[in-house]
**Q** 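Sharing a structure with you now.
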Amino acid sequence: MSGPEAFLDETPGEVRGVVVRDGRFERLIIHRDSDVAEHRLGARSVGRVVAVDGGLKGAFVDLGAGEPFGFIGLRKADRVAVGDRLEVEVAAEPREDKGPTLRLVGPGEGTPRLLTAGPTAAEWLARLASGAAPVTGAKAIRAAMEAEEEALAPGALFKHLGVRLAVERTRALVAVDIDHAAAPGRGGRPAPA
């Protein structure tokens, strides 16, 4: 088992960071100049609750950046109402037309605003691959392109585990399909065409 490798590709308008562990892509971080700072992973903000949805067991929170609003899942003990101010942290960045997923830090004060920006791609690499100096240049560009292609692929084959995994994001959910791959003494399910 080898230590993590880090790659940092900084191009005009976009920075991509990649963490590789044991020859496999573990993380792909993409920051674009057009990203909304309040929606970046790890960003802390004061937000105002704009809607509470009992069916979803959560609330929509205005972070001061306009729509899409962030969403925070609530536990039974959490009591929030429209208009409440909360301090929140982005736990998952937005995708498609959905806002970021938030984590409750505590009560907030004042108008919705960014308190602390999320870590940069280089800072994430330092956290996720501590001790590994990021590789830059052509190797970083190649690693970022390969990691992006793998992330966009509909599935992956893990022969050493005898499993074929397909993950598909839709507007409503993330679907995960696990099939047995061919292994000695056992036939697998044919791969989708």
Side-chain angles (χ1 to χ4, degrees), residues 4 6-9 13-21 24-78 80 82 84-108 112-130 144 147-156 165-178:
F7 298 89
L8 185 63
D9 174 27
E14 181 176 272
V15 177
R16 296 182 294 175
V18 177
V19 176
V20 176
R21 211 176 287 278
R24 293 194 177 102
F25 296 113
E26 182 179 88
R27 297 287 176 103
L28 171 62
I29 302 146
I30 301 175
H31 286 176
R32 293 182 176 91
D33 288 350
S34 60
D35 290 344
V36 176
E38 291 85 351
H39 291 180
R40 267 213 184 138
L41 186 63
R44 279 193 169 198
S45 298
V46 168
R48 182 180 60 83
V49 176
V50 294
V52 178
D53 190 316
L56 293 175
K57 295 183 177 140
F60 292 93
V61 180
D62 177 3
L63 302 173
E67 293 190 43
F69 297 130
F71 179 79
I72 187 165
L74 299 172
R75 299 173 305 224
K76 285 184 180 182
D78 294 330
V80 300
V82 172
D84 286 354
R85 304 298 199 257
L86 306 173
E87 185 174 333
V88 295
E89 181 178 83
V90 175
E93 293 179 322
R95 65 175 197 273
E96 296 176 16
D97 60 347
K98 296 195 181 283
T101 302
L102 307 173
R103 181 181 68 78
L104 179 62
V105 175
R113 68 195 180 286
L114 181 66
L115 297 174
T116 308
T120 65
E123 291 168 337
W124 276 117
L125 290 179
R127 287 182 188 186
L128 298 169
S130 68
E148 226 173 320
E149 285 175 15
E150 186 175 296
L152 293 171
L165 174 70
V167 178
E168 183 179 349
R169 289 184 170 176
T170 67
R171 290 185 61 198
L173 57 91
V174 176
V176 178
D177 183 28
I178 302 173

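Remember, it's a predicted structure, so these values are computed and weren't measured experimentally. This chain uses plain numbering: 1 for the first residue, then up along the sequence.
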**Q** Less than 4.5 Å apart, any side-chain heavy atom of V90 and any of E38?
**A** no

**Q** Do F71 and L102 touch side chain to side chain, with heavy atoms closer than 4.5 Å?
**A** no

**Q** Distance check, rounded to the nearest 0.5 Å: S45 atom OG versus H39 atom NE2?
**A** 8.0 Å

**Q** For D84, check salt bridge (charged side-chain N to carboxylate O under 4.0 Å, His left out) against everything at least two apart and list the hits.
**A** none

**Q** Find out whether E93 and P100 are in side-chain contact, i.e. whether some heavy atom of one side chain is under 4.5 Å from a heavy atom of the other.
**A** no

**Q** A43 and L114: which non-hydrogen atoms are nearest, and at how many Å?
**A** CB-CD1, 4.0 Å

**Q** Indicate yes or no: at least one non-hydrogen side-chain atom of E148 is less than 4.5 angstrom from one of L28.
**A** yes

**Q** Calculate, to the nearest 0.5 Å, the distance between atoms CZ and CD belonging to F25 and E149 respectively.
**A** 9.0 Å

**Q** Any side-chain heavy atom of H31 within less than 4.5 Å of one from W124?
**A** yes

**Q** I need the L86 CG to L63 CG distance, nearest 0.5 Å.
**A** 10.0 Å

**Q** So, D35 side chain and A37 main chain: donor-acceptor pair closer than 3.5 Å or not?
**A** no

**Q** Can you tell me how far apart CD1 (I30) and CG (L41) are? Round to the nearest 0.5 Å.
**A** 13.0 Å

**Q** Mind checking whether L125 and L128 have side chains closer than 4.5 Å, heavy atoms only?
**A** no

**Q** Going through the distances and angles, do V15 and T120 end up as a side-chain contact (heavy atoms from CB on, under 4.5 Å)?
**A** CA-CA 9 Å; V15 177; T120 65; over 6 Å; no

**Q** Answer yes or no: is there a side-chain heavy-atom contact under 4.5 Å between R127 and P119?
**A** yes

**Q** Specify the closest pair of heavy atoms between V105 and R44, including all atoms of both residues, with the distance to one decimal.
**A** CG1-NH1, 3.7 Å

**Q** Where is the tightest heavy-atom contact between R48 and P112, given as atom of each residue plus distance?
**A** CB-CG, 3.8 Å

**Q** Measuring from I72:CD1 to F60:CZ, what's the distance to the nearest 0.5 Å?
**A** 12.0 Å

**Q** Hey, which of V82, D62, V61 is the one that makes side-chain contact (heavy atoms from CB on, under 4.5 Å) with V50?
**A** D62

**Q** How many angstroms lie between atom CG of D78 and atom CG of L104, to the nearest 0.5 angstrom?
**A** 6.0 Å

**Q** Which pair of non-hydrogen atoms, one from V49 and one from V52, has the smallest distance, and what is that distance?
**A** CG1-CG2, 3.8 Å

**Q** Can you see which heavy atom on P4 is nearest to which on V19, and at what distance?
**A** CB-CG1, 4.4 Å

**Q** Report yes if the side chains of D33 and E14 come closer than 4.5 Å at any heavy-atom pair, otherwise no.
**A** no

**Q** Could you pull out the closest heavy-atom pair between D97 and P68, with the gap in Å?
**A** O-CB, 3.8 Å

